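Heads up, the thing below is written out as structure tokens.
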Amino acid sequence: MKQKRIRDYGIKIGEYPTGPLNKISDVPGVLVGHATLDDERHKTGLSIILPGPENPFLSKPVAAAYVLNGFGKSLGLMQIQELGVLETPIALTNTLNVGLVHDALVGYMIEQCQRDGIRLTSVNPVVCECNDATLNDIQKRDLGSAQLMAAIQDAQADFAEGDVGCGKGMVCHSLKGGVGSASRQVEIDGHTYTIGVLVQSNHGSLKDLIIAGKPAGRIIDAALNCSAPDKGSIISVMATDIPLSSRQIGRVIRRASVGLARLGSFIGHGSGEVMLGFTTANRVPHAPEKGVMDFRAVSENRIDSLFRAMAEAEEEAVLNSMVTARTVTGYDGTVKRSLNEFMDAILAWRE
């Protein structure tokens with residue numbers, strides 16, 4: 001069944017057009033897959049972002065990472081910040097499974113490089129996390145190689161959103177959070193490019209939530225009285241086919257904070273805001289034949305359109321993560337309601 005996303009409620013975010021799917025996978029070659037554990041004790045999973053059909057270790061996408069508030073346990077960001085390239089798919093999971101997924105991703109990359117005739121002796125797996133302990137019995141660390149391979153095998157362009165994969169146990173603005181995505185198209189020199197965003201949303205306080213300028217959180221909280229302090233996290237991943245340098249990617253992904261602020265987040269002390277991105281247009285070979293490599297990069301005086309596109313896609317991706325997520329009852333009976341249950345009241349609100 002087709003998932004109902006925020007635009008299906010008549011809410012349009014921003015001014016730039018979307019890609020065909022309005023997902024990160026509108027960037028050609030990018031795929032997303034999930035593995036979900038959903039039973040009495042487990043409300044968790046992992047998700048994988050494949051940056052293209054190539055082995056990313058042999059053909060490394062230019063990348064950047066930025067930590068706005070560092071309450072988090074992600075792995076692999078330091079080398080991205082230093083070298084400006086991505087070497088593996090990007091895995092998203094829960095806090096206590098980061099090490100197990102990291103180990104699984106190492107094993108996967110060893111196999112991929114053996115297939116390509118390369119002996120892998122060092123690799124920088126990227127694993128990011130949010131804490132799903134509100135709904136998931138997080139000490140049951142049952143995510144590893146089997147789930148990683150299941151997510152990779154599930155990878156597709158028209159992937160599911162909401163309470164799937166790494167989003168199963170997420171809580172956003174005191175409602176059900178999860179996986180969400182959106183994309184924007186920008187035109188440069190007569191060519192149409194795409195910026196795509198995927199989020200793992202687990203942040204924000206209900207009372208602060210704003211949707212299309214309406215005080216959605218206050219409307220909902222009047223009925224639920226469930227607003228809690230902002231002490232979660234959000235992982236924001238950007239993919240693009242725009243030729244950018246690592247420094248430029250860093251500038252663009254920082255504008256995810258604009259999308260979060262538009263939704264009412266003030267990025268609290270206990271929240272981890274981690275942003276990373278890559279371009280499929282510039283790649284660094286593992287063993288370059290030339291001492292000097294050629295790269296293309298967008299002109300800085302045209303970069304404002306990318307900033308706006310990033311902010312718009314981030315805002316919409318978070319809303320998609322919430323409205324596609326179903327109401328979930330956690331392992332201890334805690335219930336987190338879906339935003340879609342309250343959309344009629346929000347749309348009907350008049351000041």
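Keep in mind that this is a model prediction, so the values were computed, not measured.
- Between the side chains of D132 and T44, a donor-acceptor pair is found at a separation under 3.5 Å.
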Which pairs would a plain distance check flag for residues 164-172, meaning a side-chain donor or acceptor within less than 3.5 Å of a matching protein atom at least two apart in sequence or in another chain?
from, atom 1, to, atom 2, distance (Å)
K168, NZ, D38, OD2, 3.0
K168, NZ, D163, OD2, 2.9

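- With sequence neighbours left out, R41 forms a side chain to side chain donor-acceptor pair (under 3.5 Å) with D137.
- Checking side-chain atoms of S236 against main-chain N and O of M275 turns up no donor-acceptor pair under 3.5 Å.
- Among residues at least two apart or in separate chains, ring pair (Phe, Tyr, Trp, His ring centres under 6.0 Å) pairs with a member in residues 27-84 are F57-H286, F71-H269.
- By the rule that hydrophobic residues join a cluster once side-chain heavy atoms approach within less than 4.5 Å of another member, I235 and F278 end up as members of one cluster.
- A donor and an acceptor atom, one from each side chain of E129 and N131, are nowhere located under 3.5 Å apart.
- Rounding to the nearest 0.5 Å gives a distance of 11.0 Å between CD1 of I24 and CD1 of I195.
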Check: residues 297-304 side-chain donor-acceptor pairs under 3.5 Å, at least two apart:
from, atom 1, to, atom 2, distance (Å)
S299, OG, N301, N, 3.4
S299, OG, N301, OD1, 2.6
E300, OE1, R251, NH1, 2.6
E300, OE2, R247, NH2, 2.8
E300, OE2, Q248, NE2, 2.6
R302, NH1, D189, OD1, 3.4

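- A salt bridge does not link R5 to E316: none of the charged side-chain nitrogens sits closer than 4.0 Å to a carboxylate oxygen.
- Qualifying side chain to side chain donor-acceptor pair (under 3.5 Å) partners for E341, counting only residues two or more places apart in sequence or in other chains: T327, R337.
- Seen from the ring of Y9, K4 counts as a face-on cation partner, given the 6.0 Å and 45° thresholds.
- Partners of D241 according to the side chain to side chain donor-acceptor pair (under 3.5 Å) rule, which considers only residues two or more places apart in sequence or in another chain, do not exist here.
- Contact detail for S338 and M322: the closest heavy-atom pair is OG-O, 3.8 Å.
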